2 protein chains.
Amino acid sequence: MALADADEGRFSYEGLDRTIHEKARLGVLTSLVGHPKGLPFPDLKRLCNLTDGNLSRHLAVLQEAGLVSLQKGHAHNRPQTLCRLTPAGRARFLEYLAVLERVVRDAAEAAGPAPDLKTA
Amino acid sequence: MALADADEGRFSYEGLDRTIHEKARLGVLTSLVGHPKGLPFPDLKRLCNLTDGNLSRHLAVLQEAGLVSLQKGHAHNRPQTLCRLTPAGRARFLEYLAVLERVVRDAAEAAGPAPDLKTA
DNA sequence: CGACCTACTTTGCGATGCAAAGCAGACCGT
DNA sequence: ACGGTCTGCTTTGCATCGCAAAGTAGGTCG
């Protein structure tokens, strides 16, 4: 079997949006998808183990891409930025996840056919 | 519940090795993990929808990282580079996959508990 | 009222992905 | 036998991007 036409681009994974497909941003989005009410900057920072500068930069990128909304306000006499996933952001993240799931399944099945499924 | 200590770094995903966590390389590795005997350059190129230059560069990176081995020879009077996953490469790819799986599961369960499981 | 703390933003640089151009050998027509 | 074209791969150049270090603003505490 010498590489069928149908296999062209079989593993190109075009759906892996660069904006999302990034260690730090992936963590941020995963954090946010579980918190519909949003998360404050410092919490996000701790959850993702990011430095201030780093998180700031990534949030800016995500905001420009329309994936998250940043609501800058004050709470307890301190500046507080509340980060949430936008509806579009949620949608795009879920699409991305679907692709990621395909990657995992592709790889798992290629690595060892029926690995956890007691092969019998 | 104001962010327990245990949640520190919960979503940092340190295991997402930059060398592997890359659209193109991810495709290459997934292709290779299913072909223990290796794949020739042109096949890989088509499978991953990559340009020559691109694939060349990524393979060089993967080789330097010790994840793949490149066997340059000739077949049918043509140069032919055969690419395979090294044992170490396979191991590291599988580790990476485990983390990726955690990402998917984390996100899926955060996004909507039991999404495809007809919720009851 | 001055030293430190939290909450961010900005700057600078090194690394990297990507595409266009380059190179070498094989095949093909005449 | 030789000019052109094709395949197979490498190199170069640039524009982007992640990351860390430094910077800013305002609040709190001694």
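Computed from a predicted structure; not experimentally measured. Quick note on labels: first sequence line is chain A, next is B, and so on, each numbered from 1.
A 4.0 Å heavy-atom criterion places the boundary nucleotides of DNA chain C facing chain A at C/dT6 to C/dC18, written 5' to 3'.
A distance of 5.0 Å separates CZ of B/Phe11 from OG of A/Ser31, quoted to the nearest 0.5 Å.
Between A/Leu47 and B/Glu8, the closest side-chain pair of non-hydrogen atoms is not below 4.5 Å. Residues A/Glu22 and B/Arg18 have side chains in contact (heavy-atom distance under 4.5 Å, counting atoms from C-beta outward). Using a 4.5 Å heavy-atom cutoff, the side chains of A/Leu59 and A/Gln63 are not in contact. Side-chain atoms of A/Leu82 and A/Lys72, non-hydrogen and from C-beta on, never get closer than 4.5 Å to each other. Counting only heavy atoms from C-beta outward, the side chains of A/Leu44 and A/Leu50 never approach each other to under 4.5 Å.
Heavy atoms of A/Lys45 sit nowhere under 4.0 angstrom from any nucleic acid atom.
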Residue pair B/Cys83, B/Val68: steps toward the side-chain contact (heavy atoms from CB on, under 4.5 Å) verdict
CA-CA 7 Å; B/Cys83 317; B/Val68 307; 5.5 Å; no

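Taking side-chain N and O atoms only, B/Ser56 has no distance below 4.0 Å to OP1 or OP2 of D/dC9.
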Taking only nitrogen or oxygen atoms into account, show me every contact under 3.5 Å that the protein makes with nucleotides 17-27 of chain D, one pair per line with its distance.
residue	atom	partner	partner atom	Å
D/dG18	OP1	A/Arg25	NH1	2.7
D/dG18	OP1	A/Arg25	NH2	2.5
D/dG18	OP2	A/Arg25	NH1	3.0
D/dC19	OP2	A/Asn54	OD1	3.3
D/dC19	OP2	A/His58	NE2	3.2
D/dA20	OP2	A/Asn54	ND2	3.4

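Residues A/Asn54 and A/His58 bring a donor and an acceptor atom of their side chains to less than 3.5 Å of each other.
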